[in-house]
Amino acid sequence: MSLTQVKTVILSFKGNIPWNYDCFLNYATERIFLQKVGGGYIFIHRLLLEHFAQMDIVRR
């Protein structure tokens, strides 16, 4: 298991990201919220990126 996979499992277990993170990212790409660039993703819409960047993080 790679370090990335371990991090994904931990974040998913804590409820910080969806369990099937790859499907979530592909879903967001299909709906044109994200664009796949190389091995990563970028926001297509600047306002959406800024909205998420300004959100307060709520600790559980």
Side-chain angles (χ1 to χ4, degrees):
M1 188 177 259
S2 72
L3 183 57
T4 300
Q5 290 170 323
V6 171
K7 289 177 183 179
T8 301
V9 169
I10 291 170
L11 289 171
S12 177
F13 182 74
K14 289 184 170 191
N16 293 322
I17 63 171
W19 174 250
N20 197 336
Y21 198 52
D22 289 334
C23 284
F24 169 75
L25 292 173
N26 290 333
Y27 180 85
T29 301
E30 290 169 4
R31 271 117 192 109
I32 315 173
F33 289 113
L34 297 175
Q35 180 180 6
K36 191 166 188 170
V37 178
Y41 295 84
I42 61 170
F43 281 100
I44 291 177
H45 307 286
R46 182 76 181 175
L47 289 175
L48 186 61
L49 177 138
E50 290 172 359
H51 170 74
F52 286 127
Q54 292 176 0
M55 290 177 64
D56 288 331
I57 297 174
V58 177
R59 300 280 180 200
R60 294 181 197 182

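Quick note: numbers below take in every heavy atom, side chains included, and nothing from hydrogens, waters or symmetry partners. One-based numbering along the sequence shown.
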Gap separating the [atom1] atom of [X] from the [atom2] atom of [Y], nearest 0.5 angstrom:
| X | Y | atom1 | atom2 | result |
| --- | --- | --- | --- | --- |
| Lys7 | Ile17 | NZ | CD1 | 11.5 Å |
| Ile32 | Leu48 | CD1 | CG | 12.5 Å |
| Ile44 | Leu34 | CD1 | CG | 7.0 Å |
| Glu30 | Leu25 | CD | CG | 11.0 Å |

If you count heavy atoms of other groups shown closer than 6.0 angstrom to CZ of Arg31, is the number above 12?
yes

Same apolar cluster (I L V M F W Y, side chains within < 4.5 Å links), Leu11/Tyr21:
yes

Per the ring pair (Phe, Tyr, Trp, His ring centres under 6.0 Å) rule, what does the pair list look like for residues 22-50, sequence neighbours excluded?
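For residues 22-50, and leaving out neighbouring residues, the ring pair (Phe, Tyr, Trp, His ring centres under 6.0 Å) pairs sorted by first residue read Phe43-Phe52.
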
